[in-house]
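Small disclaimer: the values here were computed from a predicted structure and weren't measured.
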Amino acid sequence: QVQLVESGGGSVQAGGSLRLSCAASGYTYSSYCMGWFRQAPGKEREGVVAIDSDGSTSSADSVKGRFTISKDNAKNTLYLQIRNLKPEDTAMYYCAAEEGLGHTYCSLGRPADFGYWGQGTQVTVSS
């Protein structure tokens with residue numbers, strides 16, 4: 001059974017940094033496409049960054065240069081390093097995984113393409 005558990009969220013001031021973690025279990029972690037998504041109140045869930053099984057990454061234009069995704073296959077853990085946080089980054093952040101997406105669909109980061117989700121971790125940025 002695939003399980004994803006996020007941690008690391010919190011309340012920070014604008015300009016600060018956070019590192020989110022996602023502990024994965026129940027599947028061959030290294031062979032999956034994994035991504036970070038976020039959902040602000042009243043808005044649709046959106047993909048922000050993704051990492052494919054070969055380590056290639058992609059990110060939404062709105063977070064380029066500030067959000068970095070990485071993974072530690074030995075620890076089965078996915079990370080999201082966020083720098084220079086802005087109030088508009090306030091959202092619930094989710095990690096997700098899916099197998100067999102292929103690079104094109106992995107990089108698109110569409111929530112509907114991912115079948116496994118964590119429970120989310122809240123990030124709140126104050127100005």
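For the pairing with F67, the side chain to side chain contact (heavy atoms under 4.5 Å, CB included) check across L20, V48, T57 returns one residue only, V48. Applying side chain to side chain contact (heavy atoms under 4.5 Å, CB included) to S21 and the options D72, T77, V5 leaves one that passes, T77.
Not one N or O on the side chain of R66 forms a donor-acceptor pair closer than 3.5 Å with the backbone of I82. Remark: the backbone N or O of G115 is paired with a side-chain donor or acceptor of E98 at under 3.5 angstrom. With hydrogens and angles ignored, the 3.5 Å screen pairs a side-chain donor or acceptor of S58 with a backbone N or O of S107. Checking side-chain atoms of S17 against main-chain N and O of R83 turns up no donor-acceptor pair under 3.5 Å. No donor-acceptor distance shorter than 3.5 angstrom exists from the side chain of E46 to the backbone of Q39, with no hydrogens or angles considered. Side-chain atoms of E6 come within 3.5 Å of backbone N or O of G120 as a donor-acceptor pair. With hydrogens and angles ignored, the 3.5 Å screen pairs no side-chain donor or acceptor of D52 with any backbone N or O of D54.
A cation-pi arrangement, defined by a distance under 6.0 Å to the six-membered ring centre and an angle within 45 degrees of its axis, is present between R45 and Y94. Both cation-pi conditions hold for R19 and Y79: the charged atom is under 6.0 angstrom from the six-membered ring centre and inside a 45 degree cone around its axis.
By the 4.5 Å heavy-atom criterion applied to side chains, S31 and E99 are counted as neighbours. Between H103 and S56 there is a side-chain heavy-atom pair separated by less than 4.5 Å. Here the side chains of Q122 and T90 are in contact, with some heavy-atom distance below 4.5 Å.
Note on L78: it does not cluster hydrophobically with L101, by side-chain heavy-atom contacts below 4.5 Å among ILVMFWY residues. Transitive grouping of hydrophobic side chains (ILVMFWY, heavy atoms separated by less than 4.5 Å) brings V49 and Y32 into a common cluster. Linking Ile, Leu, Val, Met, Phe, Trp and Tyr residues whenever their side-chain heavy atoms come within less than 4.5 Å places W36 and L18 in a single cluster.
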Criterion side chain to side chain contact (heavy atoms under 4.5 Å, CB included) on T121 and S7, from CA distance to verdict | CA-CA 6 Å; T121 185; S7 61; 5.6 Å; no

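Atom CE in M92 sits 15.5 Å away from atom NZ in K43 (nearest 0.5 Å). A distance of 10.0 Å separates CD of Q3 from CD of Q119, quoted to the nearest 0.5 Å. Here L80 contributes atom CG and I51 contributes atom CD1; the two are 11.0 Å apart, rounded to the nearest 0.5 Å. With values rounded to the nearest 0.5 angstrom, N76 atom CG is found 10.5 Å from L4 atom CG.
Nearest approach of F114 to G109, heavy atoms of both residues: CE1-CA, 4.2 Å. Contact record, S127 with A14: CA-CB, 4.3 Å, taken as the closest heavy-atom pair. Taking both residues in full, the closest heavy atoms of A60 and G47 are given as CB-O, 3.8 Å, listed atom of the first, atom of the second, then distance.
The aromatic ring centres of F37 and W117 sit less than 6.0 Å apart.
A salt bridge links K64 and D61; the closest N-O separation between the charged side-chain nitrogens and carboxylate oxygens is under 4.0 Å.
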